[in-house]
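Hydrogens, waters and symmetry mates are skipped; everything else that's a heavy atom, side chains included, is used. Throughout, a chain's letter reflects where its sequence line sits, starting with A, and its residues are numbered from 1.
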Number of protein chains: 2
Amino acid sequence: MELKRTADGETGFEKVFAFLRERLLAGSLKPGDRLISERELATLLGVSRPIVREALRALTVLGIVEIRDRIGTVVTRPDVSVLNDFFTFALAQQADMLDDVMQARVAIECQAIRLACERANIADFERLQRALAKIGETIDEADAGGMADFEFHRAIVVASHSETLTVLHGSLAGLLTHSHRSRRKLVQAFPSMKTYLIDDHRRIFDAVIARDPERADATLRKHFAIGDEYRRRAIVGDIDRTIASG
Amino acid sequence: MELKRTADGETGFEKVFAFLRERLLAGSLKPGDRLISERELATLLGVSRPIVREALRALTVLGIVEIRDRIGTVVTRPDVSVLNDFFTFALAQQADMLDDVMQARVAIECQAIRLACERANIADFERLQRALAKIGETIDEADAGGMADFEFHRAIVVASHSETLTVLHGSLAGLLTHSHRSRRKLVQAFPSMKTYLIDDHRRIFDAVIARDPERADATLRKHFAIGDEYRRRAIVGDIDRTIASG
DNA sequence: GTTAGCATACTGGTCTGACCAAGATCAGAC
DNA sequence: GTCTGATCTTGGTCAGACCAGTATGCTAAC
């Protein structure tokens, strides 16, 4: 029987995790590859199968690997959806984190729109145009409107043709989805929101079409700033109503 | 003996995970709380202890929970740093992604420097100043120089006082460490690099001190662009040498 | 030669019961 | 009242077993 921990105080789980991490980072394990079976892995590393399963499960929730029942464990192309899990938990206990995440989203989008100005192709333009049209069509609808808004911003990031930015934006936007919901109240509370939403997105679209990175960045940044202002005023409004009803 | 899967085809792990997820999202399990022991959890949910451990391990890698050896499992305050694992894996699998990652780094830093202009305090300024001084001192050293460079940029992000940006930057920068190495060649190949490195960082520092977001952003962006240009020319030089020696 | 069919090895999913080491607790000694 | 040590509890781990499908290959039929 071996010791419970290796010389460096490494736990069995860490051993297996580190082993797999190494291969994954080095590239000897690529997406699509099938890992050796849990049993083989266990004997190979001198640990028991439950420990191996802990490590595999850990990689699963990280979206690095997929355990297929009775098939095997395969390396997957990292999927952003796992971050949703994390953010869901995080936000459940820490609402003040939203503003922080929003800053990161602004960062990603502003960089993305600069790249989009350089790299966007016809298909990207068309996607943007469709999203823009949809924003106008759904301006009075809550859910559909929020969706259209999201798709427009998404289209910008996609047009950057940067995988990294797209992935990051996806994970950040995912946890901000609930803010799309709050859009309904905003539109109802401020009729001026309608022209803001339509005209602002139109200006952003124009800047991308003109392939003017500076103008696109500035316009997008201003767009976010105005949105913040609306949200701020909505909060003040809530406070007013709270006081009035109290 | 019960069935391996519940009626809805739910796996044992999912059962435990869902159980804990529910309590965590509902708030009946708050940060600092200690979970019941693995054994109790196992009997409570009618599964075996290894399965419970899988679920706990999953929550651990998500940063929701911390398993303390011989103490118990406690709910932790969600920390964005767990994303580090994910991004490390996710971004490591595409080697050609480096340029892409760099774009994301630029995005994060340019947003961070804007926030830094608003939020930086004396301590942040001092940290920046120290980093700036170090860049000058280590201008002829390869490793130390790269380190000083990194620390300066890191100081900018820290000064943004945004945890999300800080973590994202940390993850991205980790993948770009090798580019610090290549800095050595660049400085050797282009003596003008020295003044570029020193003066550019100085200008960035000044803009933050002046609390001028626009200027800071623009200066930083230009700094990255020039760095790209140096790298581009270095590649061309390599090609020239390759041709000459061929 | 080709193909349909079936036995078998293999895979993940899970359970049971056990042992270890060390923190936590409390009774009993001083 | 304090200190000490036995005991309980906790996580960390292992070994071996069973189930239910998948994959594969081999055999037999065409």
- Using the salt bridge (Lys or Arg N to Asp or Glu O under 4.0 Å) rule, collect all pairs that involve residues 108-117 of chain A, keeping only residues at least two apart or in two chains. A:R105-A:E109, A:R114-A:E214, A:R114-A:D217

- Which residue pairs pass the salt bridge (Lys or Arg N to Asp or Glu O under 4.0 Å) test with at least one member in residues 36-46 of chain A, sequence neighbours excluded? A:E38-A:R49, A:E38-A:R53

- Message: Which residues pass the side chain to side chain donor-acceptor pair (under 3.5 Å) test with A:S162, not counting sequence neighbours?
- Response: B:D100

- Message: Under 4.0 Å from OP1 or OP2 of C:dG12: is there any side-chain N or O of A:T73 that close?
- Response: yes

- OP1 or OP2 of C:dT11 less than 4.0 angstrom from a side-chain nitrogen or oxygen of A:S37, does that happen here? yes

Roughly how many Å is it from [atom1] in [X] to [atom2] in [N], rounded to a whole number?
X     : N      : atom1 : atom2 : result
B:I36 : D:dT10 : CD1   : P     : 10 Å
B:L41 : D:dG12 : CG    : P     : 14 Å
A:L35 : C:dG12 : CG    : P     : 9 Å
A:L45 : D:dG12 : CG    : P     : 18 Å
B:F17 : C:dT14 : CZ    : C1'   : 19 Å
B:I71 : D:dG12 : CD1   : P     : 11 Å
B:E14 : C:dT14 : CD    : C1'   : 14 Å
B:I67 : C:dG23 : CD1   : C1'   : 17 Å

- Query: Considering only heavy atoms, which members of residues 49-56 of chain B lie under 4.0 Å from some atom of DNA chain D?
  - Reply: B:R49, B:R53

- If you check every side-chain atom of A:T11, which of C:dA22, D:dT13, D:dA20 has the closest atom? D:dT13

- What's the closest nucleotide to the B:R70 side chain, out of C:dA21, C:dG12, D:dG21? C:dA21

- Message: With hydrogens left out and only the distance checked, is there a donor-acceptor pair under 3.5 Å joining B:R68's side chain and the base of D:dG11?
- Response: no

- Task: Run the salt-bridge test on B:E10 and B:K15 with the 4.0 Å N-O cut-off and return the result as yes or no.
- Result: no

- Message: Testing the 3.5 Å rule here: is there a donor-acceptor pair between the side chains of B:H201 and B:H153?
- Response: yes

- Message: Give me each pair satisfying side chain to side chain donor-acceptor pair (under 3.5 Å) with a member in residues 22-34 of chain B, each pair once, sequence neighbours excluded.
- Response: none

- Output all residues satisfying salt bridge (charged side-chain N to carboxylate O under 4.0 Å, His left out) with A:R154, sequence neighbours left out; order by chain, then residue number. none

- Message: On DNA chain C, compare the nucleotides closest to B:S48 and B:R39; which residue's is nearer the 5' end?
- Response: B:S48

